[in-house]
Amino acid sequence: MNSIFQLRDFAAARTLGPKVSLQAAIDRLGFVQADPIRAPARAQDLILMQRVRGYRAGDLERLYPALDVEEDSFPNYGFVSRGVWTLLHPRAPRAPRIEHDAPGLMERVLAHVQDAGELHPRVAGEVFGRTRVGNDWGGSSSAATRALEALHHAGQLRVLRRDGGVKVYALANLHTATLSLPQRLRALILVLARLYAPASEPGLRMLVGMSHYGMPGLLAKLRAELKAAVEDGELVRAKMDGLSYLWPGDENPDQSAPSGVRLVAPFDPLVWDRRRFTHLHGWAYRFEAYTKPEKRVMGYYALPLLSAGRAVGWANLKVSGGELISDIGLLPGARRTAAFERSLNAELDRYRVFLSVTA
């Protein structure tokens, strides 16, 4: 690795290659982070739109029942390939808060799902009552919904589908991987390393730390496996301008970034590690959805704008009256050449198809 420019091209080329089928993209990524904000679409749809042929907003939810994909936590909540799902389970037993707040409810909810085949949270409330208990965000939630979530996290239930965005649960019937615990942890470390490669070492360490919810009680072992993967050569380490990067040893870093303009999600693998983003592109991206409007610089849900793999600005997109409205911001010195305008307009046209708007 000779320069920051080569590292930047490597990052873009390996994840923004030729578009594939939805299942192939899920299998290749391993994990797709979810976020409910739609500006102009949810994070999972924005991530997949850049990697899947003919992808439309909502396709993941619509096609989910027919795909080898699961909703689960790793390292955040999102969608994992069936292979990654089997690596996450069985999870270490733990006593969820709902067991203290509503003793015996989980067992009764599980028995109901076994008899009924599936369970919607609304129906769960009708069957088990509408008692509310504290949640992890300082508010309160339906006790029945919390029991469903706890059974899902434990691997006893899975998300069968979503009805109007609401999870409908069924028995998991999970066939776990026939691997030892160290092998499972090493495999999960490599999933993260491939997804975010070339990952800044601090960024990958943060992701491993965040994975303790997906793999409870195993943080020390996860960190040990990350260290061992570097020592064994499964992950290559290279330092560039004072920052260490890691990527799988079987990948060739000498790649050219794809041409054209891409507008990517704030949670896209290319953007997620803000330290890496700043180091590779020379400026700090800000996610401002939770910033007071008067203090926003880039906008509510600014999408980083890449031109030939280099971030040169951002865009805020919204659909109004059946029309795609775009607000483009460029860095000082970024030139709006005729070629750039053509590429930008082509990307906006792709977004119109993705969002099913006509203008």
Side-chain angles (χ1 to χ4, degrees), residues 8-64 67 69 76 78-81 191-192 194-199 251 255-274 276-277 280-281 285 287 298-299 301-319 324 326 328 340 342-357:
R8 188 174 65 206
D9 284 356
F10 177 35
R14 63 177 308 284
T15 191
L16 293 180
K19 293 186 176 182
V20 295
S21 69
L22 178 53
Q23 185 65 63
I26 291 168
D27 291 339
R28 187 165 65 187
L29 292 167
F31 169 73
V32 179
Q33 184 168 338
D35 188 82
I37 297 176
R38 301 187 190 217
R42 291 168 295 191
Q44 57 267 37
D45 289 323
L46 293 168
I47 291 168
L48 290 168
M49 174 259 192
Q50 293 293 348
R51 296 161 174 87
V52 177
R53 291 188 301 266
Y55 189 86
R56 302 289 185 98
D59 276 356
L60 178 59
E61 183 175 318
R62 182 174 62 83
L63 300 173
Y64 177 92
L67 294 167
V69 64
N76 305 290
F79 299 85
V80 296
S81 67
V191 169
L192 289 175
R194 289 190 187 281
L195 178 58
Y196 295 99
E251 292 199 21
Q255 301 184 42
S256 298
S259 60
V261 168
R262 300 287 189 98
L263 301 176
V264 297
F267 302 109
D268 193 278
L270 283 168
V271 184
W272 189 93
D273 183 347
R274 303 291 193 257
R276 185 186 84 161
F277 186 95
L280 292 184
H281 301 285
Y285 168 75
F287 179 63
M298 298 179 185
Y301 203 81
L303 307 178
L305 188 159
L306 306 182
S307 179
R310 179 188 175 196
V312 298
W314 58 89
N316 287 274
L317 304 181
K318 67 177 181 179
V319 176
L324 179 65
S326 61
I328 309 297
F340 173 84
R342 286 193 298 271
S343 293
L344 174 59
N345 288 331
E347 178 72 344
L348 293 174
D349 284 342
R350 286 189 287 271
Y351 264 86
R352 290 183 179 94
V353 174
F354 164 65
L355 297 167
S356 301
V357 298

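These numbers were taken from a predicted model, which means no experiment stands behind them. Numbers here simply count residues along the sequence, with the first being 1. When reading the values below, keep in mind they use all heavy atoms of this one structure, side chains included, and skip hydrogens, waters and symmetry mates.
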May I ask you to decide if Trp314's main-chain N or O and Tyr285's side chain share a donor-acceptor pair within less than 3.5 Å? no

Between Leu348 and Ser326 the two heavy atoms that sit nearest each other are CD1-OG, 3.9 Å

Do Leu63 and Val69 make a side-chain contact, defined as non-hydrogen atoms from C-beta onward lying under 4.5 Å apart? no

For Asp45, is there an ion pair with Arg42 - N to carboxylate O distance below 4.0 angstrom? yes

Taking all heavy atoms of Ala265 and all of Ala43, pick out the closest pair and write down the distance. CB-O, 4.4 Å

Sequence neighbours excluded, the answer for ring pair (Phe, Tyr, Trp, His ring centres under 6.0 Å) partners of Phe354 is Tyr351

Can you tell me how far the CG atom of Leu355 sits from the CE atom of Met49, to the nearest 0.5 Å? 7.5 Å

Check this for me: Arg310, atom CZ, are more than 12 non-hydrogen atoms of other residues, nucleotides or ligands nearer than 6.0 Å? no

Any Val261 side-chain heavy atom under 4.5 Å of Val312 side chain: no

More than 12 heavy atoms of other groups within 6.0 Å of Lys19 NZ: yes

Do you know the tightest heavy-atom contact between Gln50 and Val264? CG-CG1, 4.3 Å

Pro198 side chain near Glu251 side chain, heavy-atom distance below 4.5 Å: no

Just by modelled atom types, is the Met298 backbone N or O under 3.5 Å from a matching donor or acceptor in the Asn316 side chain? yes

Under a 3.5 Å threshold, yes or no: a donor from one side chain and an acceptor from the other, between Arg51 and Thr15? yes

Determine the minimum heavy-atom distance between Gln255 and Asp9, stating which atoms define it. O-CB, 3.4 Å

Please report the shortest heavy-atom distance between Phe340 and Ser307, naming the atom on each side. CD1-OG, 4.1 Å

Close side-chain approach of Arg194 to Arg28, heavy-atom, < 4.5 Å: no

Run the side-chain contact (heavy atoms from CB on, under 4.5 Å) check on Asp59 and Val52 step by step: do they pass? CA-CA 10 Å; Asp59 276 356; Val52 177; over 6 Å; no

Shortest non-hydrogen pair, Arg352 vs Asn345, comes out as NH1-O, 4.5 Å

Under 3.5 Å: donor-acceptor pair, side chain of Gln33, backbone of Asn76: no

Exactly one candidate in Leu263, Leu303, Leu317 meets side-chain contact (heavy atoms from CB on, under 4.5 Å) with Leu46; the answer is Leu303

Can you tell me how the ring of Phe287 sits relative to the ring of Tyr301, calling it parallel under 30°, perpendicular over 60° and tilted otherwise? perpendicular

Under 3.5 Å donor-acceptor, Arg8 side chain and Leu280 backbone: yes

Keeping the roles fixed (side chain from Tyr55, backbone from Ile47), state whether a donor-acceptor pair exists under 3.5 Å. no

How many angstroms lie between CG in Leu67 and CD in Glu61, if you round to the nearest 0.5 Å? 12.0 Å

